[in-house]
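In what follows, a structure is listed as structure tokens, so that the remarks can point back to it.
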Number of protein chains: 2
Amino acid sequence: MELTERKRQILKVVVEDYIHTAEPVGSRTIAGRMGGSVSSATIRNELADLVEMGYLEQPHTSAGRVPSPKGYRLYVNELMERQKLSIDETEKINQSLHVKMEELDHLLAQAGRAVSAFVKYPAYITAASRRHVTAKRFDLLPVDEHKCIVVMMMSDSRVRSQLLRMQLKVDLEQLPALVTLLNSHFTAVSADEMNQRLMNVAEQVPPQLFLLLSQVIAYAADALDEAGQREIVTAGARALLKLPEFRDADKAHQLMSFLADSKEKLPMPEEEPMKILIGPENVSEALQDASVVVASYDIGDDMRGLIGVVGPTRMDYAAVAARLSGFAAGLTRLFEKQELPPKEEGKE
Amino acid sequence: MELTERKRQILKVVVEDYIHTAEPVGSRTIAGRMGGSVSSATIRNELADLVEMGYLEQPHTSAGRVPSPKGYRLYVNELMERQKLSIDETEKINQSLHVKMEELDHLLAQAGRAVSAFVKYPAYITAASRRHVTAKRFDLLPVDEHKCIVVMMMSDSRVRSQLLRMQLKVDLEQLPALVTLLNSHFTAVSADEMNQRLMNVAEQVPPQLFLLLSQVIAYAADALDEAGQREIVTAGARALLKLPEFRDADKAHQLMSFLADSKEKLPMPEEEPMKILIGPENVSEALQDASVVVASYDIGDDMRGLIGVVGPTRMDYAAVAARLSGFAAGLTRLFEKQELPPKEEGKE
DNA sequence: CTTTAGCACTCCGGGGAAGAGAGTGCTAAA
DNA sequence: TTTAGCACTCTCTTCCCCGGAGTGCTAAAG
């Protein structure tokens with residue numbers, strides 16, 4: 001059977017109406033929306049065809065029609081009109097990102113909340129380094145004879161520091177030598193390689209210095225490890241409760257638990273600037289009845305992040321997609337301006 | 001009317017039964033729970049008295065009885081048996097806190113999640129400095145001629161660091177002098193005072209150094225400011241959805257929004273080691289139908305934190321109180337061992 | 001005076017039954 | 001091919017009835 005232009009129009013009307021009402025759409029309504037050029041009976045014939053072709057579903061005989069995942073897919077790919085954000089709204093989005101730049105973590109959390117607030121669905125956000133992070137520069141600052149501060153700059157320009165408590169008294173005069181050793185032997189290599197090299201220099205270094213050295217390396221390996229991991233922040237999960245499909249507390253609880261716990265399983269496409277996953281297109285069990293829209297943004301040249309929105313399959317794809325790319329663009333621009341990771345900040 | 005011992009026993013039974021079933025408690029049930037020593041008719045007389053005295057309420061004629069806030073209060077103050085945690089459970093609590101110590105932030109989030117998971121109610125947690133935090137020691141590390149890292153140790157031993165981009169080229173030879181200046185003039189004073197002093201030294205310092213100095217001071221003021229603020233972390237809000245009183249999505253949404261947004265308004269008693277606030281005893285509008293249990297813990301000598309649990313007035317006070325003090329004790333001990341804030345860690 | 005048994009009464013909640021409403025599918029005509 | 005008409009289906013709401021749980025009261029017993 002052929003998918004005529006009129007069928008496509010009808011499908012579009014059904015999807016858009018259902019997105020807003022969450023109620024099955026009847027032939028009368030559709031006829032009305034189409035300007036009265038055709039009667040409801042004609043629409044009914046077309047609807048029967050669309051059901052047969054798998055684009056629509058019928059909750060039961062004598063109910064209106066509801067889009068199937070396949071129907072949403074067609075809508076998203078071909079029927080949906082790309083919304084353009086009003087200048088006003090773009091302004092608001094950028095404003096919501098215009099915070100005093102603090103740590104990346106905080107900024108992400110803030111952005112996640114903002115996205116969720118804008119689109120009225122739960123959101124998640126993450127940043128991941130594009131290449132392997134290594135140590136670029138070390139320094140040790142003496143505090144007193146039992147403590148010193150280790151400062152490490154990483155290859156992506158982020159800085160981390162830590163107060164170290166020394167088990168053995170160390171002659172403060174020797175610290176500069178240790179710093180030189182660190183910078184010459186332990187930069188630009190992986191954590192594993194660091195530990196390797198630590199073993200190699202074991203005999204060349206006085207014991208009490210070696211102890212401190214290994215503390216520093218342990219800290220560095222930790223910090224690099226953490227820096228390489230993607231941490232995912234979620235926000236606005238409670239927005240689900242406002243949706244009719246999650247009025248059932250159990251369903252809502254299920255999806256919220258998924259969002260809170262199984263963060264690794266959230267869709268994380270690597271390539272496309274924006275990706276939409278509808279219902280069963282998701283791999284996660286918990287997302288079979290949900291849709292996800294994800295967009296990527298750049299953090300300087302070395303890092304990349306993703307912002308995603310989770311909602312019912314009956315999601316307002318056009319609106320979400322437009323706002324999401326607005327946010328992605330806003331974030332990219334934000335990080336461009338600052339060049340590389342913005343303010344680097346120590347944190348207890 | 002007098003509150004006889006038998007009335008107190010009956011009240012206790014009603015509260016404990018209602019806590020577990022969420023159903024109004026009838027006279028038959030109570031008679032059963034009390035060992036059959038009295039008949040249900042007698043209980044009914046007593047119940048009528050307890051209603052009159054305001055300790056119990058009746059949803060409607062011919063329903064069982066439900067505790068009033070006043071009833072819960074009496075229960076908590078006088079009737080409730082302080083639960084002792086099993087060794088096994090104490091073990092589990094401590095284990096859940098036995099994470100690789102990272103930043104305080106992460107630890108708090110972790111602890112919050114653990115508390116919520118243990119008691120099955122939403123939890124919130126915060127840490128606040130007991131006294132004013134000031135800068136204790138500064139250092140500047142040159143990176144290249146356009147960048148340097150500022151490291152600041154604060155009076156509570158926390159360390160923060162930040163990469164600074166210098167607008168003007170600075171002769172690296174001059175950095176040590178600047179560090180000396182920072183340590184002599186800008187330590188142990190408030191952010192306001194810092195800015196004050198910055199003005200005072202303006203003329204004694206070469207212009208390009210002054211620019212860097214003011215960047216450092218601005219960063220320090222920011223960091224100190226942030227360190228003084230209490231950040232509140234909430235966790236496990238979705239646990240609400242499992243409770244019969246929040247099966248209504250709107251009610252749940254309301255309280256969850258409160259938890260997410262109005263963090264400043266969560267109960268934060270300053271003195272007691274543990275405080276229980278029942279329904280209308282809460283000042284916040286949103287907590288009128290909820291109860292809160294808060295406990296405090298120590299972070300070394302200078303800081304103090306609070307962990308709280310939010311639930312329905314029908315909360316299992318004994319269980320929550322026991323677990324909460326378990327957590328508070330665990331946290332206090334954790335920080336004692338480490339002396340002062342644990343690992344200090346830089347974070348982008 | 002307190003406790004208890006007995007009993008009528010109240011109220012909630014579940015389970016049809018009935019009816020309204022929305023929407024379909026089919027037929028026959030335009 | 002489109003449309004009007006119409007019978008039919010299914011859901012959702014409302015109403016009512018009834019069973020069950022629990023009370024309050026009364027009168028008798030301890």
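Hydrogens, waters and symmetry mates are skipped; everything else that's a heavy atom, side chains included, is used. Within every chain, numbering begins at 1; the chains are lettered A, B, ... in the order of the sequence lines, protein sequences first and strands thereafter.
- Every residue two or more places apart in sequence or in another chain that forms a side-chain hydrogen bond (donor to acceptor under 3.5 Å, both in side chains) with Glu78(B) is listed here: Arg8(B).
- Side-chain atoms of Thr21(B) come within 3.5 Å of backbone N or O of Glu23(B) as a donor-acceptor pair.
- The main-chain N or O of Asp250(A) is found under 3.5 Å from a side-chain atom of Asp248(A) such that the two form a donor-acceptor pair.
- Residues that satisfy the side-chain hydrogen bond (donor to acceptor under 3.5 Å, both in side chains) test with Gln254(A), not counting sequence neighbours, are absent from this structure.
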For residues 309-322 of chain A, please give each side-chain donor-acceptor pair under 3.5 Å, one per line with the distance, not counting sequence neighbours.
| from | atom 1 | to | atom 2 | distance (Å) |
| --- | --- | --- | --- | --- |
| Arg314(A) | NE | Glu245(A) | OE1 | 3.0 |
| Arg314(A) | NE | Glu245(A) | OE2 | 3.2 |
| Arg314(A) | NH1 | Ile19(A) | O | 2.6 |
| Arg314(A) | NH2 | Glu245(A) | OE2 | 2.6 |
| Asp316(A) | OD1 | Ala319(A) | N | 3.4 |
| Tyr317(A) | OH | Ser291(A) | OG | 2.7 |
| Tyr317(A) | OH | Thr313(A) | O | 2.6 |

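- On the nucleic acid side, DNA chain D contacts chain B at distances under 4.0 Å to non-hydrogen atoms, with the end points of that region at dA21(D) to dG24(D).
- Side-chain contact between Arg238(A) and Asp261(B): present, with at least one pair of heavy atoms (C-beta onward) separated by less than 4.5 Å.
- Crowding of Lys265(A) atom NZ: a count of heavy atoms from other residues, nucleotides or ligands under 6.0 Å not exceeding 12.
- A donor-acceptor contact under 3.5 Å is not formed by the side chain of Thr61(B) with the base of dT10(C).
- Atom NZ of Lys120(B) has 12 or fewer neighbouring heavy atoms from other residues, nucleotides or ligands inside a 6.0 Å radius.
- A heavy-atom distance below 4.0 Å to DNA chain C is reached by these residues of residues 26-37 of chain A, ordered by number: Gly26(A), Ser27(A).
- Checking side-chain atoms of Asn77(A) against main-chain N and O of Leu74(A) turns up no donor-acceptor pair under 3.5 Å.
- Dashed line: the shortest gap from a side-chain N or O of Ser62(A) to OP1 or OP2 of dA22(C) is not under 4.0 Å.
- Under the 3.5 Å distance criterion, the side-chain polar atoms of Ser96(A) are matched with a main-chain donor or acceptor of Ile93(A).
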Problem set entry | Structure string for DNA chain C in dot-bracket form, Watson-Crick and G-U at under 3.5 Å, | interchain | ||||||||||||||||||||||||||||||
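- Within residues 45-60 of chain B, the residues approaching DNA chain C are Asn45(B), His60(B), by heavy-atom distance under 4.0 Å.
- Annotation: side chain to side chain contact (heavy atoms under 4.5 Å, CB included) contacts of Asp88(A) (sequence neighbours excluded): Ser86(A), Lys92(A).
- For Arg6(B), the side-chain hydrogen bond (donor to acceptor under 3.5 Å, both in side chains) partners are Glu46(B), not counting sequence neighbours.
- Taking every heavy atom of residues 9-16 of chain B and every atom of DNA chain D, no pair lies under 4.0 Å.
- For Glu57(B), the side chain to side chain contact (heavy atoms under 4.5 Å, CB included) partners two or more places apart in sequence, or in a different chain, are Ser68(B), Pro69(B).
- For residues 24-41 of chain A, the pairs satisfying side-chain hydrogen bond (donor to acceptor under 3.5 Å, both in side chains) are Asp17(A)-Arg33(A), Ser27(A)-Arg44(A), Ser39(A)-Thr42(A), Ser40(A)-Arg44(A), with sequence neighbours left out.
- The closest donor-acceptor contact from the side chain of Ser116(A) to the backbone of Gly112(A) lies at 3.5 Å or more, if one exists at all.
- Nucleic acid contact class of Ala63(A) (heavy atoms, under 4.0 Å, all strands): sugar-phosphate only.
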